Amino acid sequence: MVLELHSPAVPTFTQDDRIFRDENVLQDDYTPKDLPAREDELEAYTNSLQPVVNGASPRNIFVYGETGTGKTVATNRIIDDLNRDQKNFEDVEIKFVKINCKDLTSYQAGVHLVNEFREPSNHINSTGHSRADVNNKLWTHLEEIDATHVLFVLDEIDSLSEDDDLLYQIPRANANAKVEGTKVGLIGISNNFTFRQNLSARVQSSLCEDEIHFAPYDANQLTAILKQRSEKAFSDGVLEEGVVPLTAGLVAQDTGSARNALDILYRAGTIARNENNDVVTENHVRQAMDAVENGLIKDEIRALPTQAQLVIYTVAVLNQSGQNQVTKKEIHRLYKKFCKRTGVNAKSQRTIHNKLSKLQLKGFLNVTEENKGRGGGKRYKYELGVDADLINDALQDTPRLRDLSTNSTISQFS
DNA sequence: TCTCCACAGGAACAAGCGGTAG
DNA sequence: CTACCGCTTGTTCCTGTGGAGA
């Protein structure tokens with residue numbers, strides 16, 4: 001590959017790039033000027049924020065929809081607009097504090113928020129404080145800040161799932177007299193709409209004053225988005241006629257995610273470029289679709305902790321040796337041998353059981369229940385939910401497990 | 001109909017980490 | 001230094017479960 005995927009467009013390269021005019025337009029961090037097919041949602045957003053503009057207490061907003069449906073982009077747009085327009089308002093000063101809650105606990109998210117008000121040299125650590133401490137620090141900052149309104153934007157709040165204390169505290173900060181000089185509001189963004197039902201009743205009533213739903217895009221909407229972007233991203237006449245409708249159709253059936261569709265289109269372009277092709281064809285799109293799907297799975301496998309990698313690898317080896325459905329016991333037996341060989345501490349069967357259920361939740365394993373009654377009782381049988389080659393490929397990048405995945409065969413271990 | 005297998009999965013607990021506060 | 005904090009990872013113990021077969 002000649003070009004780095006994420007390198008900015010450098011003039012010397014764009015000269016002989018026959019495919020792309022500006023590939024950045026297809027990448028994740030690009031914010032378009034127009035948001036096709038999201039006019040209603042933007043209007044709902046504007047309406048919900050109108051009280052703030054008028055100087056009143058903000059309404060708390062719950063934004064939900066699957067990934068790639070434009071929630072974050074729309075939110076950024078609204079924030080930009082409001083930041084721009086508030087210069088015209090005399091007695092209102094609005095500050096936005098935005099964090100992403102992915103992989104954070106409620107407590108850690110609180111710490112992040114406190115640090116948003118502090119210089120890097122003065123950041124507090126994410127351990128060692130009591131919960132009440134962290135909250136009090138946050139209230140103090142809010143009280144002291146030079147603004148009439150502070151709006152917290154918490155992206156991916158579904159990560160906070162079990163512990164929703166923060167989601168209760170922030171919307172109630174004014175009502176509970178924790179903060180009096182500044183009006184506090186919360187915009188919560190969630191990828192998961194069942195998340196709302198799991199919130200405790202007290203959080204539901206305060207967080208979800210206004211709700212904005214971003215539905216997955218249909219094929220027509222995706223076509224509009226892809227057309228808008230591809231005109232800027234690709235050189236004229238590079239895309240075969242059916243490419244955009246095909247991408248839109250495939251993605252609409254699958255996820256309805258604009259991010260996914262753009263990713264596939266971008267990938268199709270790079271495949272064509274690597275083949276020294278002048279046009280992007282429907283065949284490139286199909287190849288890109290496979291590559292994107294496989295790439296995502298491999299990334300997830302690489303991101304697993306070593307123990308979980310060992311477990312899924314064990315299942316892969318057993319499956320490849322012809323044992324399609326294996327019990328926890330069988331997995332644990334072989335797993336222990338792999339542990340010994342790689343110098344990893346072997347965990348108990350109960351722990352492996354937990355790992356197996358997590359892997360099942362992530363879709364890496366399929367589970368069937370078997371019940372032989374008196375002659376064997378109830379048990380689960382596991383098999384791989386993904387292609388075994390993907391697991392081997394992914395583990396090639398994990399030094400500890402690389403040797404295992406190249407050398408081991410079932411005969412050596414069973 | 002009832003028993004009983006072999007496991008699932010919840011609960012309680014422990015250890016260790018990286019930190020703050022006095 | 002000691003006490004304490006939140007969090008993660010793992011362990012042990014124990015109750016619950018569904019259906020084949022006595």
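Numbered from 1 within each chain, the chains take letters A, B, ... in sequence-line order. Everything quoted here is computed from the prediction, not taken from an experiment.
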inquiry  = Does a side-chain N or O of A/Lys329 approach OP1 or OP2 of B/dA6 to a distance below 4.0 Å, or not?
reply    = no
query = Atom CD of A/Gln307 to atom P of C/dT8: distance rounded to whole Å?
reply = 17 Å
note = Rounded to the nearest 0.5 angstrom, the OG1-CZ distance for A/Thr69 and A/Arg38 is 6.0 Å
message = Contact list please: residues 357-373 of chain A against DNA chain C, heavy atoms, distance less than 4.0 Å, in numerical order.
response = A/Asn371, A/Lys372, A/Gly373
task = For A/Lys381, report the nucleic acid contact type (base, sugar-phosphate, nothing); a contact means any heavy atom under 4.0 Å.
result = nothing
key: Sidechain-backbone polar pair: A/Lys71 side chain, A/Gly65 backbone, donor-acceptor under 3.5 Å   = yes
request  = Could you tell me whether the side chain of A/Arg374 has a donor or acceptor atom within less than 3.5 Å of a complementary atom in the base of C/dG18?
outcome  = no
task = Looking only at side-chain atoms of A/Thr351, point me to the closest of C/dG10, B/dG19, C/dC7.
result = C/dG10
inquiry  = In whole Å, I'd like the distance from the CD1 atom of A/Ile352 to the C1' atom of B/dG9.
reply    = 15 Å
From A/Thr368 atom OG1 to A/Glu383 atom CD, the distance as rounded to the nearest 0.5 Å = 6.5 Å
task = Verify, without hydrogens or angle tests, whether A/Thr351 (side chain) and A/Lys347 (backbone) share a donor-acceptor contact under 3.5 angstrom.
result = no
task = Working to the nearest 0.5 Å, report the span between CD1 of A/Ile391 and CD1 of A/Ile312.
result = 4.0 Å
request  = Grab the NZ-P distance between A/Lys355 and C/dT11 for me, whole Å please.
outcome  = 9 Å
message = Looking at A/Asn220, is its backbone amide N or carbonyl O close enough to the side chain of A/Asp218 to form a donor-acceptor pair, meaning the two atoms are under 3.5 Å apart?
response = yes
Run the side-chain donor-acceptor check on residues 287-301 of chain A: report pairs under 3.5 Å with partners two or more places apart or on a different chain.
{"unit_1": "A/Asp299", "atom_1": "OD1", "unit_2": "A/Arg302", "atom_2": "NH1", "d": "3.0"}

request  = Take the protein atom CG of A/Leu304 and the nucleotide atom P of C/dT9, then report the distance between them rounded to whole Å.
outcome  = 12 Å
task = Starting from the 5' end of DNA chain C, give me the residue, A/Ser126 or A/Gly376, whose nearest nucleotide shows up first.
result = A/Ser126
task = Taking only the side-chain heavy atoms of A/His353 (C-beta and beyond), determine which of B/dC7, C/dC7, B/dG9 contains the nearest atom.
result = B/dG9
request  = Please check the phosphate of B/dG18 (OP1 and OP2 only) for any side-chain N or O of A/Asn125 closer than 4.0 Å.
outcome  = no
request  = To the nearest Å, give me how far apart CG (A/Asn115) and C1' (B/dT20) are.
outcome  = 14 Å
task = Would you tell me if any nitrogen or oxygen in the side chain of A/Lys378 comes within less than 4.0 Å of OP1 or OP2 on B/dA6?
result = no
message = So A/Ser130, base contact, sugar-phosphate only, or nothing? Heavy-atom distance under 4.0 Å.
response = sugar-phosphate
key: Below 4.0 Å: OP1/OP2 of C/dT11 and any side-chain N or O of A/Ser348   = yes
request  = Look at the side-chain N and O atoms of A/Arg131 and state whether any lies under 4.0 Å from the OP1 or OP2 oxygen of B/dT20.
outcome  = no
task = Measure from NZ on A/Lys137 to P on C/dG6 and round the result to the nearest Å.
result = 13 Å
task = Ignoring backbone atoms, establish whether A/Tyr380 has a side-chain N or O less than 4.0 Å from OP1 or OP2 of B/dG9.
result = yes
ask   = With distance as the sole test, does A/His149 use its side chain to make a donor-acceptor pair with the main-chain N or O of A/Ala56 at under 3.5 Å?
value = yes
ask   = A/Lys347 NZ to C/dT8 P: how many Å, rounded?
value = 16 Å
query = When the distance from CG of A/Asn354 to P of B/dA11 is rounded to whole Å, what number comes out?
reply = 13 Å
request  = Kindly point out which of C/dG6, C/dG10, B/dT20 is positioned nearest to the side chain of A/His129?
outcome  = B/dT20
task = Report the residue (A/Arg350 or A/Thr327) whose heavy-atom-nearest nucleotide on DNA chain B is the more 5′ of the two.
result = A/Thr327
